[in-house]
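The figures that follow rest on heavy atoms only: side chains count, while hydrogens, waters and symmetry mates do not. Each chain gets a letter, A, B and so on, in the order its sequence line appears, and its residues count up from 1.
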Amino acid sequence: MATEAKTGSLAALWGGGGSPYRIGSKKFGMWLFIISDSLTFTALLVAYTYLRMSTETWPTPFHFSPSIIFSTVMTLVLLSSSLTMVMAVHAMSHGNRGGTVKWLLATMAFGAGFVVLHMSEWMHLINDEKVTAFSNPWNEPLFGATFFGITGLHMTHVTIGVIYLGVIATGVGRGKFTYEDVEVSGLYWHFVDLVWMFVFPLVYLMSVKMH
Amino acid sequence: MASHAMHVHTPPSGFIRKYIFSMDHKVIGIQYYFLALFSVFVGLLLSVLMRYHMVYPDAKVGFFETLWPTGAPGGVMTPELYLSLMTMHGTIMVFFVLTTAPQGGFGNYFLPIQIGAEDMAFPFLNMLSFWTTFVALVVMMAAFFVQGGAPLGGWTAYAPLSALGEIAGPGQGTGMNLWIISIALFCGASLMGAINFISTLIDLRVPGMTLMRMPLTCWAWFVTAILSLLGFAVLLSAGILLLMDRVVGTSFFLPAGLVVNDQILNHKGGSPLLWQHLFWFFGHPEVYIAILPGMGLASNILSVFSRKTIFGYRAMVYAMLSIGFLGFVVWGHHMFISGMSPYTAIAFSIMTMAIGVPSAIKTFNWIGTLWGSQIRITTAMLFALGFVSLFVSGGISGIFLGQPGLDLYLHDTYFVVGHFHMIMGVAAIFGMFAGTFFWFPKMFGRMMNETLGQIHFYATFLGVYAIFTPMHVLGIIGNPRRYADFKEFEFMGQAMSVHTFMTHSALFTAAVQIIFVINLFWSLKKGAKAPDNPWEATSLEWSIPSPPPFDNFGGKHLTVHHGPYEFSVPGKAKDYVMQVDPE
Ligand code: HEM
Ligand SMILES: [Cu+2]
């Protein structure tokens with residue numbers, strides 16, 4: 001008894017011989033990567049929450065100025081990079097390779113700017129505030145550990161992203177790569193950006209000194 | 001509907017591109033298979049050494065000292081050495097055998113063929129994931145040869161032991177670092193594999209290969225890939241944190257006031273329980289990663305050799321999906337005695353019992369498939385039947401362990417060792433044997449020897465039951481696990497003869513594996529030529545030559561017209577209908 005393939009557009013799509021979401025494998029693969037990577041970050045954020053909840057004297061040392069102002073600027077830089085990324089994808093959709101390269105370079109510049117700002121903030125914390133991954137003035141070593149662990153993993157993602165976009169930009173400039181490749185790199189970039197939108201409130205805003 | 005662009009590629013020339021850094025899913029599948037085969041023999045050897053030590057703790061064995069000068073001074077194995085053998089045994093078996101062969105090996109080889117694709121969606125990623133796994137294995141084995149030797153903490157690497165470093169014992173220094181690095185690499189490789197499997201299955205099915213026409217093996221690989229995608233992502237995080245504790249000096253898993261070897265450690269605030277949560281969030285799905293491909297394969301084989309359509313195809317699919325889902329909400333059943341609110345324990349317990357339902361559905365459907373059928377006994381079929389038997393035996397003890405009240409007593413006893421060896425250890429291994437005997441003709445173009453195969457089956461089947469059934473009894477009398485020997489346990493007195501029996505069974509079982517090795521390598525060279533479809537099975541791999549050509553289907557564009565299990569269809573000349581047969 002043959003199970004007959006149902007007719008109808010959805011069934012036909014899923015019936016093999018076509019890509020059910022009408023998206024290519026590369027894009028689909030990137031989505032899968034994003035799902036799994038978001039679980040990696042979720043695990044870190046859950047660990048942070050777990051440890052913080054079980055510590056009564058968790059410090060909240062960040063002053064509005066300069067910490068929060070500084071990290072807000074970082075956030076704005078990252079948000080701008082998402083905007084330029086959108087422009088890059090848009091340019092590519094019109095086959096404008098020159099424009100795409102320009103917007104990609106702008107995105108990379110914002111990304112690199114974010115990393116530079118972030119590093120200087122790290123240095124400030126380490127050198128001036130004496131916060132490291134294993135000790136700090138408030139004697140709650142996990143404050144620094146979670147801070148550097150989470151932001152460090154995120155910064156690694158941004159750095160990899162900048163390199164990734166560099167590869168894409170070079171290729172696009174040389175006439176290689178299609179619209180899909182640019183779009184897929186955009187997915188990654190926006191995802192990394194989105195992760196920051198969780199890190200920023202959880203790690204920075206929730207560590208603001210209350211009076 | 002946009003017609004799908006297939007990857008058109010020509011076979012590479014040159015030995016290296018063809019056999020070493022190959023991007024052909026079939027070559028990669030075989031590479032995975034042999035990686036697992038090597039690992040399983042390392043793991044087996046370690047287990048035999050452990051069993052031997054347990055009943056002859058004072059024996060002087062010359063080559064122990066040669067291999068591990070500090071671990072076995074004078075040839076007598078120290079408890080630390082025992083624990084490191086145990087850790088490596090468990091780790092190698094779980095990661096490099098059970099996670100590689102069924103999915104990376106058979107899955108890689110047959111998933112694309114069974115859905116009609118020429119290759120995986122990302123051939124390069126596929127090659128990368130195999131070689132990452134290979135490096136991970138090399139790093140893991142290196143732990144044996146570094147200062148201090150292999151780690152001691154078990155395959156679960158529980159903190160705080162695992163987070164401490166050298167001070168916690170030999171092997172907890174460099175050895176443990178290598179362990180974590182290896183596992184982190186393995187996570188990366190599994191994630192790449194998972195992305196590849198899911199994309200391939202969703203995107204590359206040929207026309208007519210609807211989801212509900214896929215062989216159950218494909219469904220199993222699909223669900224397994226989803227579990228890997230989510231589970232290994234979390235283990236990766238846990239591994240990073242653990243490595244930070246050890247290398248950077250953070251305290252994620254280390255609480256305040258730890259005293260180790262009379263030294264107060266300078267850590268504060270961390271939680272060993274956090275490690276358990278993160279680990280088991282991966283760890284429980286991991287046991288399904290190990291067993292699901294075997295379930296898919298058993299379903300397939302039972303149907304083929306009983307010449308009946310699988311009983312309740314859809315139920316099988318939904319059962320696998322719900323096992324996959326429930327697998328993520330039961331991790332707490334490993335932590336009943338770790339300090340857990342009784343209410344949480346009840347919730348986890350109920351979820352655990354709930355998994356019994358889809359598992360029972362599968363079992364009854366297997367029995368339903370066999371019911372009243374004309375069974376063709378082959379080695380593949382025997383191993384599939386053995387799989388079902390072990391799955392049931394191991395499942396029953398799972399029901400005991402899933403209840404907090406009983407688990408309080410049984411946790412960390414040999415009852416647990418018996419349970420997980422039955423269900424995840426040997427059942428999955430039986431799945432691999434079944435797969436080997438079933439698919440060998442397709443992979444290598446030759447038949448395996450049936451007589452040797454069946455002798456090997458009966459000996460192994462008896463052997464594993466003789467090893468692992470008595471463990472349940474020992475557990476019930478309170479025999480703790482992860483102990484090097486039981487010299488000091490007076491209450492164990494008479495029970496030691498049971499240990500002796502198990503050790504002899506283990507030696508026997510290990511020895512009869514030689515039959516398998518001989519059969520495998522002899523058949524590779526001398527086996528009878530295999531026809532295209534020796535088992536009269538229906539799925540796509542049996543409609544192409546054995547072994548398949550480079551692009552699987554010789555450039556033909558197939559269309560699928562039938563479900564995967566159309567056997568004994570009334571009014572047909574043959575007793576089976578191939579999936580590619582015209583309507
Ligand atoms: C003939 C086959 C085997 C024998 C004789 C054997 C024997 C043993 C022994 C003696 C232990 C140590 C128990 C303890 O001290 O607590 C052990 C642990 C273990 N075995 Fe096996 N084993 C076999 C096959 C397998 C297979 C196929 C797997 C695959 C899953 C496996 C997975 C494990 C695991 C995960 C552990 C726990 C290690 C730990 O506590 O961290 N074993 N086995
Ligand atoms: Cu479990």
Portion of B:Leu278 that has a non-hydrogen atom of chain A nearer than 4.5 angstrom: side chain

For B:Leu201 and B:Phe197, what are the C-alpha separation, side-chain angles and deciding distance, and is it a side-chain contact (heavy atoms from CB on, under 4.5 Å)? CA-CA 6 Å; B:Leu201 184 134; B:Phe197 273 74; over 6 Å; no

Please check if any side-chain donor atom of B:Trp219 sits under 3.5 Å from a side-chain acceptor atom of B:Tyr318, or the reverse. no

Under 3.5 Å side-chain donor-acceptor pair for B:Thr99 and B:Glu286: yes

Lys/Arg-Asp/Glu bridge criterion (N-O < 4.0 Å) met for B:Asp581, B:Lys574: yes

Taking side chain as everything from C-beta outward and backbone as N, CA, C, O, which of these in B:Tyr565 sits under 4.5 Å from a heavy atom of chain A? Side chain, backbone, both or neither. neither

Using heavy-atom distances under 4.5 Å, tell me whether B:Leu241 contacts chain A through its side chain, its backbone, both, or neither. side chain

Whether the B:Thr538 and B:Gln579 side chains hold a donor-acceptor pair (N or O, under 3.5 Å, no angle test) is what I'd like checked. no

Contact part of B:Ile226 toward chain A, heavy-atom cut-off under 4.5 Å: side chain, backbone, both or neither? neither

Ignoring hydrogens and geometry beyond distance, is a side-chain donor-acceptor pair present between A:Ser81 and A:Trp189 at under 3.5 Å? yes

Quick one: what part of A:Leu51 sits under 4.5 Å from any heavy atom of chain B, side chain, backbone, both or neither? side chain

Proximity breakdown for A:Leu153 and chain B, heavy-atom pairs closer than 4.5 Å: side chain

Which donor-acceptor pairs under 3.5 Å do the side chains of residues 245-257 of chain B make with protein atoms, sequence neighbours left out?
residue: B:Asp245; atom: OD1; partner: B:Thr250; partner atom: OG1; Å: 2.6
residue: B:Asp245; atom: OD1; partner: B:Ser251; partner atom: N; Å: 3.3
residue: B:Asp245; atom: OD1; partner: B:Phe252; partner atom: N; Å: 2.7
residue: B:Asp245; atom: OD2; partner: B:Phe252; partner atom: N; Å: 3.2
residue: B:Asp245; atom: OD2; partner: B:Phe253; partner atom: N; Å: 2.8
residue: B:Arg246; atom: NE; partner: B:Asn177; partner atom: OD1; Å: 2.7
residue: B:Arg246; atom: NH1; partner: B:Ser162; partner atom: O; Å: 2.7
residue: B:Arg246; atom: NH1; partner: B:Gln172; partner atom: O; Å: 3.2
residue: B:Arg246; atom: NH2; partner: B:Gln172; partner atom: O; Å: 2.6
residue: B:Arg246; atom: NH2; partner: B:Gly173; partner atom: O; Å: 2.8
residue: B:Arg246; atom: NH2; partner: B:Asn177; partner atom: OD1; Å: 3.2
residue: B:Thr250; atom: OG1; partner: B:Met244; partner atom: O; Å: 3.3
residue: B:Thr250; atom: OG1; partner: B:Asp245; partner atom: N; Å: 3.1
residue: B:Ser251; atom: OG; partner: B:His267; partner atom: ND1; Å: 3.1

Assert top hit (heavy-atom pairs under 4.5 Å, partner chain A, pool B:Leu211, B:Asn196, B:Ile115, B:Leu236) equals B:Leu211

Considering only heavy atoms, which portion of A:Tyr50 lies under 4.5 Å from any heavy atom of chain B: side chain, backbone, both, or neither? side chain

What residue in A:Gly24, A:Ala133, A:Gly144 has the most heavy-atom pairs under 4.5 Å with chain B? A:Ala133

For A:Trp138 and A:Phe143, take the angle between the two ring planes, folded into 0 to 90°, and tell me which bin it lands in: parallel under 30, tilted 30 to 60, perpendicular over 60. perpendicular

Specify whether A:His157 and A:Phe191 have parallel, tilted or perpendicular ring planes, treating 30° as the upper limit for parallel and 60° as the lower limit for perpendicular. perpendicular

Interface residue of largest heavy-atom contact number with chain B, from A:Val46, A:Leu39, A:Leu142, under 4.5 Å: A:Leu142

Are there residues of residues 158-175 of chain A that reach to under 4.5 Å of chain B by heavy atoms, and which ones? none

What part of A:Ser135 lies closer than 4.5 angstrom to a heavy atom of chain B: side chain, backbone, both or neither? neither

For a quick check under 3.5 Å, do B:Trp331 and B:His277 share a side-chain donor-acceptor pair by atom type? yes

Contact part of B:Leu191 toward chain A, heavy-atom cut-off under 4.5 Å: side chain, backbone, both or neither? side chain

A:Trp196 versus A:Thr75, side-chain donor and acceptor atoms under 3.5 Å: yes

For A:Phe62 together with A:Tyr204, are the ring centres under 6.0 Å from each other? yes

